[in-house]
Amino acid sequence: MVEVLSEQVVRLAYLLSAVLFIQGLRDMTHPRTAVRGNLVSAVGMLIAVGVTVLWFEIISPVVLIGGLIVGGLVGAWLAVRVEMTQMPQLVGVFNGFGGGASALVAGAELVEFQAAAGGSFPLELAVAAAVSGIIGAVTLFGSMVAAGKLHGVISTGAVRYSGEHAVKAALLLVAVVAGIYLVVQPDLLSAYLHAAWVPPYWVLILAASVLGVMLVIPIGGADMPVVIALLNSYSGLAAAGTGFVLNNTALIIAGTLVGAAGMILTVIMCDAMNRSLTNVLFGGFGEVATPEEMDEIYEGNITETSPEELEMLLDTAGRVVIVPGYGMAVAQAQHAVAELAELLDADGVDVAFGIHPVAGRMPGHMNVLLAEADVPYDMMKELTEINPTFSQTDVVIVIGANDVVNPLANEDDSSPISGMPVLNVGEADTVIVNKRSLSPGFSGIPNPLFARANTYMLFGDGKESMQDVVNEYKDSR
Amino acid sequence: MVEVLSEQVVRLAYLLSAVLFIQGLRDMTHPRTAVRGNLVSAVGMLIAVGVTVLWFEIISPVVLIGGLIVGGLVGAWLAVRVEMTQMPQLVGVFNGFGGGASALVAGAELVEFQAAAGGSFPLELAVAAAVSGIIGAVTLFGSMVAAGKLHGVISTGAVRYSGEHAVKAALLLVAVVAGIYLVVQPDLLSAYLHAAWVPPYWVLILAASVLGVMLVIPIGGADMPVVIALLNSYSGLAAAGTGFVLNNTALIIAGTLVGAAGMILTVIMCDAMNRSLTNVLFGGFGEVATPEEMDEIYEGNITETSPEELEMLLDTAGRVVIVPGYGMAVAQAQHAVAELAELLDADGVDVAFGIHPVAGRMPGHMNVLLAEADVPYDMMKELTEINPTFSQTDVVIVIGANDVVNPLANEDDSSPISGMPVLNVGEADTVIVNKRSLSPGFSGIPNPLFARANTYMLFGDGKESMQDVVNEYKDSR
Amino acid sequence: MTDFITNVTLFVLAAFLGYSVITKIPATLHTPLMSGANAITGITLVGAVVVAGSGATTFATVLGFVAVVMATVNVVGGYLVSHFMLEDFHGGGRRDG
Amino acid sequence: MTDFITNVTLFVLAAFLGYSVITKIPATLHTPLMSGANAITGITLVGAVVVAGSGATTFATVLGFVAVVMATVNVVGGYLVSHFMLEDFHGGGRRDG
Ligand SMILES: NC(=O)c1ccc[n+]([C@@H]2O[C@H](COP(=O)([O-])OP(=O)(O)OC[C@H]3O[C@@H](n4cnc5c(N)ncnc54)[C@H](OP(=O)(O)O)[C@@H]3O)[C@@H](O)[C@H]2O)c1
Ligand SMILES: NC(=O)c1ccc[n+]([C@@H]2O[C@H](COP(=O)([O-])OP(=O)(O)OC[C@H]3O[C@@H](n4cnc5c(N)ncnc54)[C@H](OP(=O)(O)O)[C@@H]3O)[C@@H](O)[C@H]2O)c1
């Protein structure tokens, strides 16, 4: 009776934590409630873990508590130390750990099952463990490679080689065959192989781990955010799979929620870049424009400007739009930009930020950075909102953005970004573009915007340039 | 093994049908996919019922098939015969049947349990049956009264009497006590009362049935749509409760989905009327304005017009907005109105329909009627979309609408519709109001719009008046 | 087939899901939604079928029969009415043709 | 505790629910959403706790220990990172104060 009661309590607690996860995600629909949502979700996690620790028969508490402490310290240390610009890779690392843990738990459950019950695995257990193992291992190693690329410790280029797809297919085949072996448990060998039921699982894990590396290595560094979102989805699915292994509803519900979330983010990112997921994962993207092409467009058409001139323009401007891009993140220029916006706003200038959905390297990347620099939420305008206003804008300051303001997207059908909606900054009276050189952005193509008559280039590092402008502006007041 | 397999198949089929219900509801988000959504949902139902008939041990097939045929014929006959304007009451009747069926099934399950197993009911079975019985019976009788009021066979007034709330509370108490008796099954009497376990259930049903009548009788006829939406939610909950009784996931999921849907519709309707649900269910609404009040506002300020004059106005108009209301439904004037709009549109006039969320007597009532008359979907504009355009509109034709164009909602804090967003038709150059008299609408208050200088009254039945205008318009071409 | 807590879990998930899905449906479609949702309530027919068909006692069979009739009216009528209404909406686009 | 088909049912409902809820989240919040969702994946910690604590075999215990460490890093790190990011968003409104 006590036994049953305790199981009921645990399951109700799991239900409660599932509700808190759902509510937490629902609260993420608005910045005002998002902090609370994250806390709600964390409370859900605390309840699920706490109840598990309290109710299950814990034979080796030292191991458990040790693991929790070590993991908690490492996690907290990483979270506290990381810089905003390194966020993508950190999320990648965490995510990989989650996936890896799922694969290990599924494996440990197989080991335990064998030790306790012996005999062959029930069908559902074996299938779930195989699925969870493959997905989890791919997630762990794929995420590590992705994080390495984002952090610059692994070649960020698209590493392509002939026979690449054959290698990946072969690895997947090995993993799947090992999985089938685990599931089918060929009867003819059963007497001899019972003791060996587990090894197929580790063969599967090994193959899937190498597969994870091989899948991500060939993808260009700039596509890593998509890969990380996808792997996020995978780690959710791995957790759900482990939930099937353990018959645990909390894992199934929470894992599936995340699986769906990651999948949707992936699709949104691909859509915003106007590319298919297949193209991101397996396609060859990232050929660099030839210098001749660039010369042809830029030669003799580039007008340079200086912080002083920009400051003078701003003095008379009524409406200014700032368009940030990946370069702002690289230069860590968000504070200088925010200060400039605040100064202009204080002087009664109508200032807004025009934020493209895939500016930067993660969805919402620019918003996070600008929010960090205390830019008010309602100053950040989305593409559809800001685009109609460019024709009434005096000055547009493009800082470290390139592809997201490239008119070729609308004009040239053969360009790799063709069809991607872009910010039509060229419609403003004057466009100032701040970047370090004329080198292309992520997509590797030239940008005719730079050569337009009403565009002025402000060459230099984003942070320094913006700081110069701010100083000029302050001096002249 | 066969037994288990069949149960697995049934449960997978139930899952499939739950998915189809969900997908069906999701398809309802757009008129283009809504027809398909309804079919998808119907297929889900077919699968759930079909699989149940095929797999469960059917001892009395004649009873079953007879019931299906009788029910199917009656349902189809009612659906085919009903007029669009009688839709609200028909939905009410259907809904009541669903709730009643749930209550009966729960009762029958108790009877069966007793016949098969004897002894006392498991806790969950008894609780679920009690909940399902109370809600189901309230739904059945409440819906019948609501449908009767809408159809005019039961007094549509708000029938109030002293001690009304006490009567309702007493009935609820009886039902709940019977339910508790069913659940607790007092041990001291158990030997004697075992044979009598079922009677408490029927006491409960009886009390809840009378409660259903008593709850709805006092509510004014015009509030019936809210009542029906709420009862729709109840019948979903009753089905979910029966699902708990039978341990049937299809019933639980589908019933809960509908429970949520009905609840949301109820809240949306109340919000659009700016009233609380409590006020609708228990409050006194519907006092009619005194003739003196009306006289004061209308006396000497009413200008009449004729179909000929309206036609002349339309001849020179560049933009015309038609605002339909409950009177259009009563007069069945939608076809004439649609024809007028089509004629105007063909002559290059910019025509739109301004549709208030609670115009008519059901949410989306006007849209259904106009769609029936082939008005294109994109001509129907919602309140927030149409309101800013009235100032650029030459002629507004208000047909059978009253409360939804009453400026008192914005001006008079003490009015019963105060705070309800209304269509600001008065901003147009000329407003033509077509209704039969100066009598008030649903809320019973006078409408100062009628007395404004730019408002002209076109008295008469909606259908006839619109037909006259159409004829005039055709003649003059 | 399933136990109480599982049932509660399904109930909770379905409630959240119903809320998310329904709030996306535009006001225009609320009347057909109401009758469509109403048809879904007829799912109780599944329970009625089991009760009517198994015929453990005459009383239960009678109850089952009545329940089957009522639920079938709800299902068949509900879906047909929604279909007619929605067809009209569909027709609303006829004019372009 | 629950059986396979129940698990599949929960999976399906959660997938629909995840889809409905996530599509309502604005692009602005996608980065914190990603790290928040990522933290939720750490739910596998629940499984890791059971495995590590029950210590049926030394091998399983070792696996469990590693799994607990990894999952805890994911949970603690994930929630903290999301919190820091979202606090900034919150701070985005500071200016009015
Ligand atoms: N957001 C996402 O989720 C996501 C995901 C995957 C891919 N992407 C892709 O990423 C691209 C984003 O476009 P974007 O316009 O933001 O960036 P971008 O096209 O990659 O261009 C960034 C520009 O910033 C400049 N830059 C770099 N460091 C700088 C510094 N320190 N100071 C000033 N400028 C600096 C670079 O030019 P210099 O070297 O000359 O300075 C470069 O042209 C799109 O093509 C998108 O498809 C986005
Ligand atoms: N839509 C919903 O879901 C819902 C639900 C519950 C309550 N309500 C309430 O219902 C009201 C709806 O407002 P409404 O403006 O549509 O209607 P209304 O305020 O009820 O007014 C309808 C008008 O139509 C006129 N009328 C009746 N029969 C007519 C005919 N044959 N020809 C021409 N005119 C005729 C009536 O005036 P004469 O008698 O002078 O002709 C009456 O003033 C709101 O108060 C709302 O709160 C709506």
Side-chain angles (χ1 to χ4, degrees), chain A residues 25-26 28-29 31 34-35 38 42 48 52 56 58-60 63-64 67-68 70-72 74-76 78-79 91 94-95 97-98 100-102 104-105 108 111-112 115 124 232 235-236 239 242 244 246-247 251-254 256-258 260-261 264 357 362-364 367-368 371-372 376-377, chain D residues 1-2 4 7 10-11 14-15 18-19 21-22 24-25 27-28 30-31 33 35-38 40-53 55-57 59-60 63-65 67-74 76-83 85-86 88-92 94-95:
Chain A
L25 287 176
R26 279 158 46 89
M28 288 260 179
T29 43
V35 177
N38 192 52
T52 310
F56 276 84
I58 302 291
I59 295 170
S60 36
V63 174
L64 177 60
L68 287 173
V70 172
V74 173
L78 285 173
V91 172
F94 287 160
N95 189 44
F97 279 6
S102 292
L104 289 183
V105 172
V111 174
E112 289 217 344
E124 289 125 1
N232 193 4
S235 71
T242 304
F244 275 82
L246 301 175
N247 261 334
L251 262 72
I252 295 176
I253 298 176
T256 311
L257 285 174
V258 177
I264 294 164
M362 298 182 83
N367 305 77
V368 174
E372 186 203 347
Y377 181 60
Chain D
M1 306 205 279
T2 50
F4 185 68
N7 290 343
L10 293 173
F11 177 81
Y19 182 85
V21 171
I22 305 299
K24 282 190 187 153
I25 298 179
T28 326
H30 278 170
T31 294
L33 167 65
S35 78
N38 170 42
I40 295 180
T41 343
I43 186 70
T44 200
L45 175 55
V46 166
V49 164
V50 173
V51 170
T57 66
F59 186 36
L63 289 180
F65 176 78
V68 168
V69 172
M70 289 172 89
T72 312
V73 169
N74 186 356
V76 174
Y79 280 116
L80 281 179
V81 163
S82 310
H83 185 74
M85 268 194 248
L86 290 167
D88 285 335
F89 269 84
H90 205 66
R94 240 185 276 170
R95 188 203 210 202

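What you see is a predicted model; the values in this text were computed from it and never measured.
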| query | Looking at A:Leu257, A:Thr256, A:Leu64, A:Val70, which has the largest count of heavy-atom pairs under 4.5 Å with chain D? | reply | A:Thr256
| said: Need one label for A:Ser102: side chain, backbone, both or neither, based on atoms under 4.5 Å from any heavy atom in chain D. | reply: both
| query | Do side-chain atoms of A:Asn232 reach the backbone of A:Val258 as a donor and acceptor pair under 3.5 angstrom? | reply | no
| Closest heavy-atom pair and its distance - A:Thr242, A:Val105 | CG2-CG1, 3.6 Å
| request: Flag the one option from A:Gly236, A:Ala108, A:Ala260 with the top tally of heavy-atom pairs under 4.5 Å to chain D. | output: A:Ala108
| Most chain A-contacting option - heavy-atom pairs closer than 4.5 Å, from D:Val73, D:Val68, D:Asn74 | D:Val73
| field | side chain to side chain donor-acceptor pair (under 3.5 Å) partners for D:Ser35, two or more places apart | value | D:Ser82
| What residues, two or more places apart in sequence or in another chain, satisfy side chain to side chain donor-acceptor pair (under 3.5 Å) together with A:Thr52? | A:Tyr14
| field | Heavy-atom pair count under 4.5 Å with chain D, highest-scoring of A:Ala48, A:Gly75, A:Ala34 | value | A:Gly75
| note | The reported gap from CZ in D:Phe11 to CD1 in A:Ile253 (rounded to nearest 0.5 angstrom) is 12.0 Å
| query | In terms of heavy-atom proximity below 4.5 Å to chain D, should A:Leu251 be classed as side chain, backbone, both, or neither? | reply | both
| message | Can you tell me how far apart NE2 (D:His30) and CD1 (A:Ile264) are? Round to the nearest 0.5 Å. | response | 8.5 Å
| Leading residue by heavy atom contact count with chain A [cutoff under 4.5 Å; candidates D:Val46, D:Leu45, D:Val76] | D:Val46
| Of all of D:Val21, D:Ile40, D:Leu33, which one pairs up most often with chain A through heavy atoms under 4.5 Å apart? | D:Ile40
